[in-house]
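Here is the naming used below: chain letters follow the sequence lines, and residue numbers restart at 1 for every chain.
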Amino acid sequence: MMEDCTDRKLGDQTKNERMDVILFGISRDIVGEKKLKITPAENIQTVGALKQWMKQKYPQLEKLSSIAIAVDSEYAEDEQNLFDENEVAIIPPVSGG
Amino acid sequence: MMEDCTDRKLGDQTKNERMDVILFGISRDIVGEKKLKITPAENIQTVGALKQWMKQKYPQLEKLSSIAIAVDSEYAEDEQNLFDENEVAIIPPVSGG
Amino acid sequence: MLVKIVDHIDINEAYGYLQSPDTGAVNLFIGTVRNHTKGKEVVKLVFEAYDKMALKEMNKLAAVAKDKWPIDKLLMLHITGEKKPGEAVVAIGVTSSHRDASFEACRFLIDELKKTVPIWKKEFFIDNSVWVNAHP
Amino acid sequence: MLVKIVDHIDINEAYGYLQSPDTGAVNLFIGTVRNHTKGKEVVKLVFEAYDKMALKEMNKLAAVAKDKWPIDKLLMLHITGEKKPGEAVVAIGVTSSHRDASFEACRFLIDELKKTVPIWKKEFFIDNSVWVNAHP
């Protein structure tokens, strides 16, 4: 049983070798890309962890008025887990209207 | 001097033999005319007196939610005096918009 | 400031007047004929106005609004004549830098117009007609 | 209910959607590009949206409004792309039997849209450009 699980997990990691993070507005300008590819090696498991990782890697994100993460196009709490199949996006302060 | 005044007054009465009262909406329907001619013989001196006279002559006006008089196209108080040169109108309850 | 009694309200024209490169917030209220009132089918409405006085009163309200709020453009249009269900009978528009002002002034103008401006509405039903608000 | 991200806002089309023979009160808010902000001349604005999520959030707001007020028609349009001063970037419209509801729901929708819907605005001045609201 344990071996089965491990197998599946390894299989998934092979299929999805990275998490895509979609970027908009100023966060895209800061990162310099429309999509950021994060490898499994970074071991980012939650929304909060992703925020931390992003801010460390791109210190200018820290200066924004706020930063949110959307998972599958819904605002997500820091505690929420991230899975390979999720669509993840950084939401800098909105300014529509 | 006194005689001069009397002459002028008589002269005015001859020129303006009646007061025109403009009618709108339901008050026009009640009176049955667009304009009501009131002779000087009625001796109506104020806005309040005109209201009283109208209500006596056309009792259905009494049943309206409200009735106002406009003098020279401005809402007028009961105490206001009426002069021959005034444009006088009955304003039944408004319902614009 | 555009204050008028008209035969027909053209929304595009109204918006064209209100649109301004100087300010960012336009609020437009449009009152239309409803096909029913108190459960009865309405066939048409007929509006009449004491034009001269109605324009005076509308201009007074516009002046009060301009005193109370920072207004860039202000529009008050009211029709007279016959209108069918769905057709516009009144349009009030306010353009301001602030949406607060545009909403509040627009609301104020339509509320006050209904109270003081000498315009009268007759509702026509299938079998009869009544002057609205005439009786308690 | 008409909730869309569009290239261009056509007021006549918006009003055409909102107009209803069943209800008498239409409130329409239009946000346009201002030619200045904080004393600086604005040349243009560029809007981008996370379309999928923006539509979801707009639909959520529309659902909340429909729960709170008796609404006949509801419209939310927001543009993306480049717009010059005077051009419309957002249109919110609510048709109801009661003007209270049309004003209040329209106000609620524009206020909330500005808070939660993932759309971003970049202001272009003569010499530089900034993402609005990005920094404290």
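Using a 4.5 Å cut-off between heavy atoms, D:Lys114 contacts chain A through both its backbone and its side chain. Using a 4.5 Å cut-off between heavy atoms, D:His78 touches chain A through its side chain atoms alone. Of the two parts of D:Ala49, only the backbone, made up of N, CA, C and O, holds a non-hydrogen atom closer than 4.5 Å to a non-hydrogen atom of chain A. For A:Ile22, the part lying under 4.5 angstrom from a heavy atom of chain D is the side chain only. For D:Val117, the part lying near chain A is the backbone, with the side chain staying farther off; criterion is any non-hydrogen pair under 4.5 Å. For a residue to count as touching a neighbouring chain, one of its non-hydrogen atoms must lie under 4.5 Å from one of that chain's; by this rule D:Tyr50 touches chain A with backbone and side chain alike.
More than 12 heavy atoms of other residues, nucleotides or ligands lie within 6.0 Å of CD in A:Glu42, so this atom counts as buried by the packing criterion. At most 12 heavy atoms of other shown residues, nucleotides or ligands fall within 6.0 angstrom of atom NZ in D:Lys4. Taking a 6.0 Å sphere around NZ of D:Lys66, one finds it holds more than 12 heavy atoms contributed by other residues, nucleotides or ligands. The environment of D:Asp127 atom CG is dense: over 12 non-hydrogen atoms of other residues, nucleotides or ligands sit within 6.0 angstrom.
Ionic pairing of A:Glu74 and D:Lys60 is present here: one or more N-O contacts between side-chain nitrogen and carboxylate oxygen are shorter than 4.0 angstrom.
Taking A:Ala89, A:Ala68, A:Gly25, A:Ser27 one by one and counting their heavy-atom pairs under 4.5 Å with chain D, the maximum is reached by A:Gly25. Comparing A:Gly97, A:Pro93, A:Ser95, A:Ala70 by heavy-atom pairs within less than 4.5 Å of chain D, the highest count is held by A:Ser95. Ranked by heavy-atom pairs under 4.5 Å with chain D, the list A:Leu64, A:Asp72, A:Ile26 is led by A:Ile26.
Note: D:Met53 CE to A:Phe24 CZ = 9.0 Å, rounded to the nearest 0.5 Å.
Annotation: side chain of D:Trp120 is in contact with side chain of A:Pro92 (closest heavy-atom distance under 4.5 Å).
Smallest separation of non-hydrogen atoms from D:Thr116 and A:Val94: N-CG2, 4.2 Å.
For the residue pair D:Lys52/A:Ser73, the side-chain donor-acceptor check at 3.5 Å is not satisfied.
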